[in-house]
Amino acid sequence: MSETNTVTYLKDYTQPDYWVTHVDLTFDLREGETLVSAKLQVKKNGDHHNPLVLDGEELQLLDVKLNNVALAKGENLTEGYMVDQKFLSLLPTNDTFTVNTLVRIHPEQNTALEGLFKSGGNWCTQCEAEGFRRITFFPDRSDNMATYTTKIMADQIAAPVLLSNGNLVDQGQTEDGRHYTVWEDPFPKPSYLFALVGGDLACLDDTFVTASGRHVVLCIYAAAKDLNKLEHAMASLKKSMAWDEEIYGREYDLDLFNIVAVDDFNMGAMENKSLNIFNTKYVLAHPNTATDADYEGVEGVIAHEYFHNWTGNRVTCRDWFQLCLKEGLTVFRDQEFSGDMGSQAVNRIANVRSLRMGQFPEDAGPMAHPPRPDQFITINNFYTATVYSKGAELNRMLHTLLGKEGFRKASDIYFDRFDGQAVTVEDWVHCMEDASGRDLSQFLLWYTQAGTPEVKAKWSYDHGTKSITLTLEQHIPTINNQSNGQPRHIPVKFGLVAPDGQDVVQGVLELTQAKQTFTFENVPPDSVPSLFRHFSAPVNLEAPYTDDQLRHLMIHDRDGFNQWEAGNRFLTTKLMEQIDRYERGQDILVGEDVLDSFRRILQRTDMDQELMSLALSLPAYHEIAPKREVIDPHAILAVRKAFLETLGRELHNKFLEMYNANYDPEKSYDRADAGRRSLQNTALGYLSHSGDAEVAKLAVRQYSQANNMTDRYAALNIIINMDEAQSYRDGVALHFYYQFANDALVVDKWIGAFARSETDGILQVVKSLTEHEVFKNPTPNRMRALYGSFSQGNHKGFHAEDGSGYEFVANFIMELDAKNPQVASRMIGAFEKFRQYRPDLQTKMETQLRRMASMESLSTDLSEKLQRYLGKEAFAQLRVGKSGV
Ligand code: BES
Ligand code: ZN
């Protein structure tokens with residue numbers, strides 16, 4: 001209920017009254033219930049007479065002891081302990097003491113998937129951010145770092161594998177014929193990094209020898225049927241370990257590193273100390289079942305969680321407001337890693353596109369917040385694009401300002417100074433200052449203020465002095481309590497590209513004032529400024545480029561990102577012009593200039609295949625929509641479709657040539673061929689819009705001959721969506737389903753293909769899937785495959801004129817909220833920008849939001865979002881007389 005939604009403020013942070021320094025945990029895993037006993041070593045912090053207050057939720061308390069003496073439940077703290085829905089309190093008499101508790105929990109009934117839960121018959125945990133309090137009573141806050149000893153007991157047959165953090169120090173049989181293991185983690189850690197796994201799992205093992213000669217055993221656990229899908233994850237792990245040694249000088253610190261893959265997982269993966277727990281989606285990969293994009297996803301997430309061992313675990317966050325300290329930095333590290341493993345330009349383009357599609361709109365909507373927010377109701381709602389992706393951009397800017405060596409020097413200082421501590425964003429930035437001698441106080445505004453800066457560029461050339469004068473002006477939006485519009489410290493990587501294609505000047509400009517002018521001499525006339533190379537700052541750039549200047553950059557810019565950006569800027573302008581026309585009731589015209597720019601790209605022989613396929617892709621719906629003052633989804637779709645059809649028709653022969661040149665079913669699958677496949681499938685995509693019915697046969701041939709999921713899934717999508725392929729649709733779709741019915745991740749893809757299909761009457765098909773056997777006990781992945789793909793990837797269906805798409809998604813969110821509020825709350829994102837939509841659609845979206853807000857009982861997760869979307873007052877009115885969860 002809104003009244004009980006307490007807001008937590010950064011300014012209220014204080015150290016706890018007590019520190020728990022060591023924990024002994026014993027888990028008795030049984031069918032139907034689990035008993036958890038905990039012995040906490042506690043030390044008073046400071047001089048006071050306050051009670052010890054431990055967090056605990058959904059725990060059945062069976063026993064409490066203080067210094068090994070049983071305590072009774074009291075009416076007040078002088079009589080004994082007190083306990084309610086959220087806390088256990090007791091009054092200690094010494095400065096150091098022990099507390100024992102025994103609780104009963106029910107992992108099999110845990111549908112929220114936070115704390116200890118069961119997935120596919122196995123026990124596993126998810127404690128970040130505040131899940132540990134669902135396992136035992138504890139100061140569940142990230143600044144309490146303790147060492148842990150964990151004993152796990154279970155049935156030998158049901159759970160032959162019993163894992164926790166740290167080193168295995170003992171194992172054996174219990175008296176009643178069960179078995180146990182004992183784990184000791186020597187590194188002090190916050191409770192959110194605790195993990196436990198029990199079950200019947202197979203594993204792939206390997207070893208890694210660190211730079212200083214430590215032999216580390218690596219094990220990746222999964223269900224036995226998936227044992228053949230773990231090699232890529234293992235190779236990725238070894239590459240990550242080597243990369244962190246080479247680039248950051250960080251070695252792994254224990255003799256064992258475990259990864260466990262589970263089907264039921266709210267997020268992608270979790271960095272628990274030495275026992276990472278992963279969503280199967282980011283571990284399993286085999287050419288038959290995973291696409292090239294899946295392979296990249298696995299590599300990136302394995303790296304991300306591994307890198308947390310230093311950025312997050314060894315040095316952790318003081319409080320949850322500092323989340324971007326570990327997440328922003330670790331995302332920056334995983335992005336650089338992925339770039340080094342493949343292509344920096346290709347990765348940068350992908351990351352910037354997702355920043356623009358996710359973070360920029362968030363920063364301009366009702367959820368706008370700084371990367372380091374200063375208040376929240378539910379921390380789970382702040383694992384956002386802003387904390388993650390913008391957080392990563394802030395580290396990238398520091399990297400640009402300090403240079404590679406400066407940044408490394410600063411990170412060395414950071415690990416040296418703060419190892420084993422829980423720290424803040426300021427601590428990190430001070431290391432940057434100490435390493436460089438620079439004043440970064442203005443830079444800190446990036447962390448504490450919301451909003452995407454607008455940078456306006458202008459330039460003029462003086463033929464007399466042969467100089468170019470560049471003026472940069474920054475405009476910072478003001479956002480209620482979240483941004484006061486102060487100028488930011490903005491690094492601008494730039495170059496001046498002369499008519500011969502060479503750079504005459506290059507470097508990094510630092511824009512720190514509202515308006516600044518930079519002059520460069522000895523510049524040939526008609527040189528073109530290339531600004532924000534490699535997207536050196538998360539801003540929107542407005543610049544008066546002519547089409548000719550953009551064409552020049554598209555070909556000659558030495559920065560791969562800005563080559564793509566020039567083309568993207570050109571295409572976006574052309575699409576926006578036509579959407580304006582369409583909205584005025586005029587015809588859509590796909591100009592000769594657009595066709596010509598595609599022809600130029602198709603002619604190029606010097607280009608990386610993946611870059612070429614990116615250059616040949618139209619801006620996505622979610623890239624165009626944020627640029628519209630009022631979003632009419634159907635206008636965006638109509639214009640994109642007209643572009644696809646015209647390009648497909650007019651460049652039919654070129655695309656067919658490209659398709660044939662890259663199509664090669666004889667070749668056995670090889671990851672290195674990802675670029676070839678991306679060109680081949682981009683070509684097939686345009687051909688499928690060309691009106692040539694023969695293309696349906698090409699797609700069916702590709703489907704049947706494919707020896708890898710990339711080609712098979714691309715063909716399936718085309719067959720489902722292409723009008724001329726309708727006679728094949730049901731047969732191919734059924735074939736796909738029956739071939740992969742036992743592989744959950746592939747079934748998710750199958751569902752996603754329908755959920756994203758913008759063919760007529762798709763809502764009926766999608767609704768029927770919710771009745772299908774595949775939707776009996778859906779995992780979060782399956783919910784995302786259906787409702788996530790439909791709401792975020794099916795613009796026609798979700799935004800159906802009659803509001804049926806909105807209602808369909810809202811119904812599901814309302815049902816899910818009681819079971820899994822974290823996933824329900826993330827699913828509502830499709831409604832976030834409702835106020836930007838066409839008035840009639842806006843009203844229909846608002847109706848659904850109001851319906852959700854009027855539910856009898858509402859989780860705090862969902863209520864925080866609804867309160868932000870609808871406004872505090874409107875929300876409060878809808879909650880009158882209602883209760884919370
Ligand atoms: N620490 C997070 C996982 C997490 C997020 C736990 C939210 C609890 C609540 C982990 O390191 C993470 O960031 N995972 C990402 C993937 C990553 C590659 C960005 C995820 O799960 O989406
Ligand atoms: Zn992370």
Side-chain angles (χ1 to χ4, degrees), residues 112-115 117 124-134 140 142 189-195 233 236-237 240 244 259-262 264-273 275-283 293-317 320 322-339 341 347 350-351 354-355 358-359 371 373 376 378-393 395 779-781 784 788 820-827 829 861:
L113 312 183
E114 292 179 85
F117 61 95
C124 66
T125 54
Q126 170 54 41
C127 293
E128 189 178 359
E130 297 180 335
F132 193 69
R133 63 187 65 186
R134 291 161 177 264
D140 194 12
S142 60
K189 63 170 176 288
S191 51
Y192 82 84
L193 290 173
F194 171 80
S236 303
L237 175 59
S240 308
D244 214 13
I259 292 176
V260 178
V262 301
D264 299 83
F265 208 70
N266 286 350
M267 303 291 293
M270 178 65 210
E271 70 264 27
N272 319 298
K273 184 76 186 186
L275 177 52
N276 287 189
I277 298 181
F278 270 61
N279 187 325
T280 43
K281 184 172 163 56
Y282 295 108
V283 177
D294 294 330
Y295 271 78
E296 274 171 37
V298 169
E299 184 179 82
V301 181
I302 293 264
H304 178 95
E305 307 309 338
Y306 174 73
F307 295 156
H308 268 314
N309 191 51
W310 279 96
T311 50
N313 301 4
R314 289 287 289 258
V315 184
T316 195
C317 300
W320 291 119
Q322 319 296 329
L323 184 59
C324 76
L325 174 67
K326 76 174 175 83
E327 294 303 347
L329 176 54
T330 305
V331 171
F332 172 63
R333 278 151 52 70
D334 83 52
Q335 288 179 351
E336 288 298 285
F337 166 79
S338 295
M341 295 302 114
N347 277 279
N351 293 330
S354 96
L355 187 79
Q359 200 276 325
F376 58 70
T378 311
I379 182 58
N380 275 347
N381 281 335
F382 284 84
Y383 286 77
T384 58
T386 298
V387 167
Y388 275 71
S389 307
K390 190 171 181 176
E393 294 302 317
N395 285 296
T779 60
N781 286 349
R784 286 185 279 258
N820 188 331
Q822 190 181 4
V823 172
S825 177
R826 294 178 86 81
M827 206 68 92
D861 304 54

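Both ligands and their constituent atoms are indexed starting at 1 by order of listing. Source: prediction; values computed, not measured.
Between Phe382 atom CZ and Phe376 atom CZ the span is 8.0 Å, to the nearest 0.5 Å.
Proximity of a side-chain donor or acceptor of Arg333 to a complementary backbone N or O of His304 within less than 3.5 Å is not detected. Under the 3.5 Å distance criterion, the side-chain polar atoms of Thr330 are left unmatched by any main-chain donor or acceptor of His308. Side-chain atoms of Asn272 come within 3.5 Å of backbone atoms of Leu275 as a donor-acceptor pair (strictly under, hydrogens ignored). A donor-acceptor distance shorter than 3.5 angstrom exists from the side chain of Asp140 to the backbone of Arg133, with no hydrogens or angles considered. The backbone N or O of Val387 lies less than 3.5 Å from a partner atom in the side chain of Thr384, making a donor-acceptor pair.
Numbered from 1 in the order shown, with element, the atoms of ligand 1 that lie under 4.0 Å from a heavy atom of Lys326 read 1 (N). The His308 neighbourhood of ligand 1 comprises atoms 11 (O), with distances under 4.0 Å to a heavy atom of that residue. For ligand 1 and Glu271, the ligand atoms under 4.0 Å from any heavy atom of the residue are 1 (N), 2 (C), 10 (C), 11 (O). Numbered from 1 in the order shown, with element, the atoms of ligand 1 that lie under 4.0 Å from a heavy atom of Val301 read 18 (C). Close approach to Met270 involves these atoms of ligand 1, each under 4.0 Å from a residue heavy atom: 1 (N), 3 (C), 6 (C).
With no hydrogens or angles considered, a side-chain donor-acceptor pair links Gln822 and Asn266 at under 3.5 Å. No side-chain N or O of Tyr383 forms a donor-acceptor pair with one of Glu327 less than 3.5 Å apart.
Residue-to-ligand polar distances keep Asn380 apart from ligand 1: every N/O pair is separated by 3.5 Å or more. When only interatomic distances are considered, the shortest N/O to N/O separation between Gly268 and ligand 1 falls below 3.5 Å. Of the N or O atoms in Val331, none lie within a sub-3.5 Å distance of an N or O in ligand 1. An N or O contact shorter than 3.5 Å is missing between Gln822 and ligand 1 by distance. Considering both main-chain and side-chain atoms, Gln126 never comes within under 3.5 Å of ligand 1 through any nitrogen or oxygen pair.
For the Zn ion (ligand 2), the set of nearby N, O or S atoms under 2.8 Å includes none belonging to Glu305.
Of the candidates Glu128, Glu305, Lys281, Glu305 brings a heavy atom nearest to atom 11 (O) of ligand 1.
Residues Phe307 and Phe337 bring their aromatic ring centres within 6.0 Å.
Heavy atoms of Ala269 approach ligand 1 to within less than 4.0 angstrom.
When non-hydrogen atoms are compared, ligand 1 lies under 4.0 Å from the side chain of Tyr388 (C-beta onward) but not from its backbone. Of the heavy atoms in Met267, both backbone and side-chain atoms come closer than 4.0 Å to ligand 1. Neither the backbone nor the side chain of Glu114 comes within 4.0 Å of ligand 1, counting heavy atoms alone.
Centred on the Zn ion (ligand 2), the angle running from Glu327 (OE1) to His308 (NE2) is recorded as 100°, rounding to 10°.
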- Message: side chain to side chain contact (heavy atoms under 4.5 Å, CB included), that's the test. Do Tyr306 and Asp334 meet it? Break it down for me.
- Response: CA-CA 9 Å; Tyr306 174 73; Asp334 83 52; over 6 Å; no
- Message: Determine whether Lys189 and Asn313 satisfy the following criterion, side chain to side chain donor-acceptor pair (under 3.5 Å), listing intermediate values before the conclusion.
- Response: CA-CA 7 Å; Lys189 63 170 176 288; Asn313 301 4; over 6 Å; no
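The nearest heavy-atom contact from the protein to atom 7 (C) of ligand 1 is Tyr383 CD2, 3.1 Å.
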